[in-house]
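Beneath this line is the structure, given in C-alpha cells, with notes to follow.
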Amino acid sequence: MTQSAAAPAAEKPAPVAPPRRPALGLRLDVRTLSLLGVLAILVLVGGVTKPDEFLAVSNLQLVLTQASVIGVVTVGMTFVIISGGIDLSVGAIVALASVWATTVATQDFGSAGVLFTAIVVGLGCGLVNGVLIAYGRMVPFIATLAMFASARGLALQITDGRTQVVTIRGILDLGNKDAYVLGVPPLVIVFAVVVVIGWLLLNRTTFGRRTVAIGGNPEAARLAGIDVRRQRVYLYLLSGLCCGIAAFLLIILSGSGQNTNGNLYELDAIAAAIIGGTLLSGGRGTITGSVLGVLIFTTITNIFALNNLQSATQQIAKGAIIVAAVLVQRRTAHE
C-alpha cells in the first residue's frame with residue numbers, strides 16, 4: 001500500500017515553460033529605445049552642424065510646434081492602421097476643415113465657431129469613410145482615395161484658390177509667445193493631451209483591445225462578439241476628429257485657411273506610424289512609437305532647413321528611413 005501510494009506522487013508532470021510575453025515586451029522596449037537613439041543622434045547632428053541655431057530655445061519650440069499638427073493626425077492614423085485599415089484622405093480633410101472653418105460666415109461666430117466647424121467637418125468626413133468601408137464593403141484604399149479627391153476639390157471650390165485670412169484676435173493670439181505656458185506653445189500642449197488620451201484609449205480601454213483584435217484577425221474578432229463594422233466606423237470617426245483638431249491647430253499656426261493645407265500629411269502620418277512600429281497589416285502598434293516617428297521626421301526637416309540642403313535630399317533621407325523601418329518590421333515579425 002505504501003509503495004502504490006507513493007508511485008503516483010513520484011510521477012510529477014514536467015514543468016511548464018513560462019510564457020514568452022516578457023520577450024515580446026523586451027523587443028518592444030528595444031524598439032522604443034532604438035527610436036530614442038535615432039532621435040538623440042539627430043539632435044547631436046543638429047547641435048554639431050548648427051549649434052547656435054538648432055539648440056536655440058526658439059528653434060526647439062518651432063520643431064515641437066510643427067510636430068504638433070502632423071502629430072495629432074498621426075495619432076488617429078495609428079488607430080486606423082492597427083485595425084488593418086488605411087486613410088489616404090487625412091491631408092485633404094485637414095484642408096477642407098481649415099477652409100470651411102475660416103470662411104467669413106464661420107468667423108462671425110468667433111473662435112468657438114471656427115473650432116466647432118473644423119471638428120464637425122472632420123467628423124463628417126470620417127463618418128463617410130467609415131460607412132463606405134464598414135457597411136459599403138469598400139476597400140479602405142479606394143474609399144479614402146475617393147474622399148481625398150472629393151475633399152481637395154471641395155476645399156478648392158470654397159476658397160476659389162484664394163487664401164482665407166483669419167481676423168479673430170483670440171485665435172491669432174494663441175500663436176504669439178505671450179500665450180506660451182512656461183515656455184511651451186499652446187499647440188504642443190494640445191498635442192500632448194491628444195497623445196495621452198490616445199495612449200490611454202489604446203492601452204487601457206476595451207476600445208483599444210477591440211482595435212487590436214480586428215487588426216489581428218477580423219473574423220476571429222467577429223466570432224468573439226465584436227461588432228467589427230461598427231468598430232471600423234468609430235475608428236474612422238476618430239481619425240476625422242484628429243484631422244479636425246489638426247486643422248484648428250494649423251489655422252492658429254498659419255493664421256489662415258488654404259486649400260493646399262495638409263499637403264502630403266497622409267504620407268507623413270503613415271510613415272511616422274510605420275517608423276514607430278505599427279504594422280501595415282494591422283494588429284500591432286504603439287502611440288509612443290508613432291510620436292517618436294513624428295519627432296524624427298520633424299527634426300530631419302529642421303536640420304535640412306537650417307543647413308540649406310535641398311528638399312530632394314531630405315525626401316531621399318526620409319525614404320531610406322521608411323525602407324529601413326519596414327525591413328526591421330519584417331525581421332521582427334518572424335521572430
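- A donor-acceptor pair under 3.5 Å is absent between the side-chain atoms of S89 and the main chain of A92, judged by distance alone.
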Applying side-chain contact (heavy atoms from CB on, under 4.5 Å), run through V291 and T74 and close with a yes or a no. CA-CA 8 Å; V291 171; T74 303; over 6 Å; no

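- Placement of L174 and L62 in two distinct hydrophobic clusters is found when ILVMFWY residues are connected by side-chain heavy-atom separations under 4.5 Å, directly or transitively.
- Here CD1 of I296 is found 9.5 Å from CD1 of I41. Values are rounded to the nearest 0.5 Å.
- Between L250 and Y265, the closest side-chain pair of non-hydrogen atoms falls below 4.5 Å.
- A distance of 11.0 Å separates CD1 in I270 from CG in L264, rounded to the nearest 0.5 Å.
- Put simply, the side chain of T299 reaches to within 4.5 Å of the side chain of F54, judged on heavy atoms.
- Contact of the Y236 side chain with the V128 side chain is not registered, since no non-hydrogen atoms from C-beta on lie closer than 4.5 Å.
- Considering CD1 of I168 and CG of D173, their distance stands at 11.5 Å, rounded to 0.5 Å.
- Rounding to the nearest 0.5 angstrom, the gap separating the CD1 atom in I81 from the CD1 atom in I274 is 6.0 Å.
- Looking at T144 and V80, their side chains never come closer than 4.5 Å, going by heavy atoms from C-beta outward.
- Follow the hydrophobic side-chain contacts under 4.5 Å out from M77 and you reach L241 in the same cluster.
- Taken together through direct or relayed side-chain contacts under 4.5 Å among Ile, Leu, Val, Met, Phe, Trp and Tyr, L127 and I133 form parts of separate hydrophobic clusters.
- Between S83 and L235, the closest heavy-atom pair is CB-CD1, 3.2 Å.
- The two residues S58 and K177 come nearest to each other via the heavy atoms CB-NZ, 4.4 Å.
- Under the side chain to side chain contact (heavy atoms under 4.5 Å, CB included) test applied with F304, the options N302, T301, I300, N308 reduce to a single match, I300.
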Side-chain polar contacts of residues 107-120 - donor-acceptor pairs under 3.5 angstrom, sequence neighbours left out - could you list them?
from : atom 1 : to   : atom 2 : distance (Å)
Q107 : OE1    : T167 : N      : 2.9
Q107 : OE1    : T167 : OG1    : 3.2
Q107 : NE2    : T102 : O      : 2.8
Q107 : NE2    : V165 : O      : 3.2
T117 : OG1    : G113 : O      : 2.7

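- With sequence neighbours excluded, the residues satisfying salt bridge (Lys or Arg N to Asp or Glu O under 4.0 Å) with D160 are R162.
- The two residues I252 and G175 have their closest heavy-atom pair at CG2-N, 3.8 Å.
- Contact record, V90 with S239: CG1-OG, 3.7 Å, taken as the closest heavy-atom pair.
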For a quick test of your reading: what N or O donor-acceptor pairs under 3.5 Å do the side chains of residues 148-156 make, sequence neighbours left out?
from : atom 1 : to   : atom 2 : distance (Å)
S150 : OG     : A146 : O      : 2.9
R152 : NH1    : N259 : O      : 2.7
R152 : NH1    : N261 : O      : 2.9
R152 : NH2    : N261 : O      : 3.2
R152 : NH2    : G262 : O      : 3.2

Result block: side-chain N/O donor-acceptor pairs under 3.5 angstrom for residues 209-219, not counting sequence neighbours:
from : atom 1 : to   : atom 2 : distance (Å)
R209 : NH2    : T206 : OG1    : 3.1
T211 : OG1    : F207 : O      : 2.8
T211 : OG1    : Q231 : NE2    : 3.1
N217 : OD1    : E219 : N      : 3.3
N217 : OD1    : A220 : N      : 3.1
E219 : OE1    : R222 : NE     : 3.3
E219 : OE2    : R222 : NE     : 3.4
E219 : OE2    : R222 : NH2    : 2.5

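- Looking at I287 and F79, their side chains come closer than 4.5 Å, going by heavy atoms from C-beta outward.
- Listed by chain and residue number, S256, Q258 satisfy the side-chain contact (heavy atoms from CB on, under 4.5 Å) test with T163 (two or more places apart in sequence, or in another chain).
- Taking CG of L187 as the start and OH of Y180 as the end, the distance is 8.5 Å to the nearest 0.5 Å.
- Grouping the Ile, Leu, Val, Met, Phe, Trp and Tyr side chains by contacts below 4.5 angstrom, directly or via other members, places V63 apart from F297.
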Given V73 and C242, is the side-chain contact (heavy atoms from CB on, under 4.5 Å) satisfied, shown in steps? CA-CA 5 Å; V73 175; C242 289; 5.6 Å; no

What's the verdict on side-chain contact (heavy atoms from CB on, under 4.5 Å) for L201 and L238, showing C-alpha distance, side-chain angles and the deciding distance? CA-CA 11 Å; L201 195 61; L238 178 61; 4.2 Å; yes

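- Using a 4.5 Å heavy-atom cutoff, the side chains of T278 and S290 are in contact.
- Put simply, the side chain of L306 does not reach to within 4.5 Å of the side chain of T49, judged on heavy atoms.
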Working note: V94 + V69, criterion side-chain contact (heavy atoms from CB on, under 4.5 Å); need CA distance, chi angles, decisive distance, verdict. CA-CA 10 Å; V94 169; V69 181; 5.6 Å; no

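- Residue V188 is grouped with residue L39 when hydrophobic side chains (ILVMFWY) are merged at heavy-atom distances under 4.5 angstrom, including chains of intermediate members.
- Scanning for salt bridge (Lys or Arg N to Asp or Glu O under 4.0 Å) contacts around R137 gives an empty result, with sequence neighbours left out.
- Closest approach of A97 to V121, counting heavy atoms only: CA-CG1, 3.8 Å.
- Within the 4.5 Å cutoff, the side chain of T286 has no heavy atoms near those of the L202 side chain.
- Distance CD/Q164 to CD1/I158: 7.5 Å, rounded to 0.5 Å.
- When all heavy atoms are compared, the tightest approach of T65 to P185 is OG1-CG, 3.5 Å.
- Panel note: side chain S98, backbone A95; a donor-acceptor pair is recorded below 3.5 Å.
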